[in-house]
Amino acid sequence: MKKIVGIIGGMGPLATVDLMNKIISYTPAKKDQDHIHIIVDNYSQIPDRTTAILGIGTDPTPYIIQSAQRLEKAGADFLVMACNTAHFYFKSIKESVSIPILHMPLETARFLHVNDMRSVGLLATDGTITTKLYQHICQSYDINVIEPDMQMQKVVMEGIYAIKGSDIEKGRLYLSRVADKLIKRGAEAIIAGCTEIPLVLKSYQDICIIDPTEILAKSAIKLATETESTKVIGSIS
């Protein structure tokens, strides 16, 4: 019996659909019944994570916890979050439920380590950059993370919010400019550290784009199809 995946979604809605689609796409299935049971709470009313982290917005923690608890009550066996920046609140969310939650940045760092990558660029929200979600975890695997400078980061944020506003071409243009600069500074690959970014940069020229959403989806499939007792993949305290 496959385990039920609960997706804490709405952060943003397109990223949520992207995660669900990846879980479906990478599941080895020959018929409908072979697929994994997924419960999605597309709770787009969760306040903006980046503005909260920067101290100028509403704390999203209670909202994310509501979503997590709804999904647990609905029957989810474990949870995933379709938002990188939301992992800043991971500990509080984990403590609010009795089921496991996969940690996307940790899963990504493990992937980089297994594939022997030692220097990567990071495209992410101001919140993710500021909290060093990826930097600290990658450092534990001896992986160097190259961040955009202040001016480049402004361009990244404009690109991310363009995608959230459905201006896909503007988002692609802005983010590709910064990706090029990070590669020139020595990055072997680019971590798409915001779930909107792979929507526009997944196959950009010859640059290797690391898609944490894809990595998370494959980890979710692995956990959902395990036949042994439930084991937390990518859990951190």
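Keep in mind that what you see is a predicted model, and the values were worked out from it rather than measured. Atom set for the values below is all heavy atoms of this structure, side chains included, hydrogens, waters and symmetry mates excluded. Nothing fancy with the numbering, it's 1 onward along the sequence.
- Judged by distance alone, the side chains of T125 and T85 do bring a donor and an acceptor atom under 3.5 Å apart.
- Counting only heavy atoms from C-beta outward, the side chains of L175 and V156 approach each other to under 4.5 Å.
- K184 is linked by a side-chain contact (heavy atoms from CB on, under 4.5 Å) to nothing, counting only residues two or more places apart in sequence or in another chain.
- Here L54 is tied into one hydrophobic group with I56, each link being a pair of ILVMFWY side chains closer than 4.5 Å.
- Residues I209 and V155 share a hydrophobic cluster, clusters being chains of Ile/Leu/Val/Met/Phe/Trp/Tyr side chains in contact below 4.5 Å.
- Side-chain contact between P148 and K181: absent, with no pair of heavy atoms (C-beta onward) separated by less than 4.5 Å.
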Which donor-acceptor pairs under 3.5 Å do the side chains of residues 39-46 make with protein atoms, sequence neighbours left out?
unit_1: D41; atom_1: OD2; unit_2: S67; atom_2: OG; d: 2.8
unit_1: D41; atom_1: OD2; unit_2: R70; atom_2: NE; d: 3.1
unit_1: D41; atom_1: OD2; unit_2: R70; atom_2: NH2; d: 2.9
unit_1: N42; atom_1: OD1; unit_2: G10; atom_2: N; d: 3.1
unit_1: Y43; atom_1: OH; unit_2: Q66; atom_2: OE1; d: 3.2

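- For the pair M117 and C208, the minimum side-chain heavy-atom distance is below 4.5 Å.
- Rounding to the nearest 0.5 Å gives a distance of 6.0 Å between CD1 of I168 and CD1 of I163.
- A pairwise comparison of heavy atoms in A86 and I64 identifies CB-CD1, 4.2 Å as the closest pair.
- Note that CD1 of I197 is 10.0 Å distant from OG1 of T213, once rounded to the nearest 0.5 Å.
- Linking Ile, Leu, Val, Met, Phe, Trp and Tyr residues whenever their side-chain heavy atoms come within less than 4.5 Å leaves V17 and I36 in two separate clusters.
- A donor-acceptor pair under 3.5 Å links the side-chain atoms of S140 to the main chain of I137, judged by distance alone.
- The CZ atom of F88 sits 6.0 Å away from the OG1 atom of T131 when rounded to the nearest 0.5 Å.
- Every residue two or more places apart in sequence or in another chain was checked for a side-chain contact (heavy atoms from CB on, under 4.5 Å) with D142, and none qualifies.
- H87 places a side-chain heavy atom less than 4.5 Å from the side chain of H103.
- For K30, there are no salt bridge (charged side-chain N to carboxylate O under 4.0 Å, His left out) partners, not counting sequence neighbours.
- Smallest separation of non-hydrogen atoms from P47 and T58: CB-O, 3.6 Å.
- Judged purely by atom type and a 3.5 angstrom limit, H35 has no side-chain atom pairing as donor or acceptor with the backbone of A29.
- Contact annotation: the side chain of L19 approaches that of I7 to within less than 4.5 Å [non-hydrogen atoms, C-beta and beyond].
- Contacts of E72 classified as side-chain contact (heavy atoms from CB on, under 4.5 Å), with partners at least two apart in sequence or in another chain: V97, S98, I99.
- Put simply, the side chain of S96 gets close to the backbone of I93: a donor and an acceptor are under 3.5 Å apart.
- Remark: D32 engages no residue in a salt bridge (charged side-chain N to carboxylate O under 4.0 Å, His left out) (not counting sequence neighbours).
- In this structure, CG in D180 is found 9.5 Å from CE in M152, a value given to the nearest 0.5 Å.
- Annotation: side-chain contact (heavy atoms from CB on, under 4.5 Å) contacts of I146 (sequence neighbours excluded): S119, N144, L182, R185, A187.
- Applying the side-chain hydrogen bond (donor to acceptor under 3.5 Å, both in side chains) test to pairs two or more places apart or on separate chains, those with a residue in residues 159-169 are D48-Y161, K164-E196, E169-R172.
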message: Please determine whether side-chain contact (heavy atoms from CB on, under 4.5 Å) holds for the pair L112 and I191, giving the CA-CA distance in whole Å, both sets of side-chain angles, and the decisive distance to 0.1 Å.
response: CA-CA 10 Å; L112 295 171; I191 298 175; 3.8 Å; yes
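- For the residue pair Y134/N84, the side-chain donor-acceptor check at 3.5 Å is satisfied.
- In this structure, D116 CG and I143 CD1 are separated by 9.0 Å, a value rounded to the nearest 0.5 Å.
- Taking the ring pair (Phe, Tyr, Trp, His ring centres under 6.0 Å) definition, one finds that H113 meets it with Y141, sequence neighbours left out.
- Under the salt bridge (charged side-chain N to carboxylate O under 4.0 Å, His left out) criterion, K218 pairs with E214, sequence neighbours left out.
- Among pairs with a residue in residues 146-155, those fulfilling side-chain hydrogen bond (donor to acceptor under 3.5 Å, both in side chains) read D126-Q153, K132-E147, Q135-E147, at least two apart in sequence or across chains.
- Of all the heavy atoms in M81 and I8, the pair that sits closest is CG-CD1, 3.7 Å.
- For the residue pair K3 and F78, the shortest heavy atom distance occurs at CB-CE2, 4.1 Å.
- Residues T16 and M20 form no side-chain contact, since every pair of their non-hydrogen atoms from C-beta on lies 4.5 Å or further apart.
- Side-chain contact between Y89 and I65: absent, with no pair of heavy atoms (C-beta onward) separated by less than 4.5 Å.
- When atom types are taken as modelled, the side chain of D34 and the backbone of K31 share a donor-acceptor pair closer than 3.5 angstrom.
- To the nearest 0.5 angstrom, L216 atom CG is 10.0 Å from T195 atom OG1.
- For the pairing with L102, the side-chain contact (heavy atoms from CB on, under 4.5 Å) check across V5, L79, V80 returns one residue only, V80.
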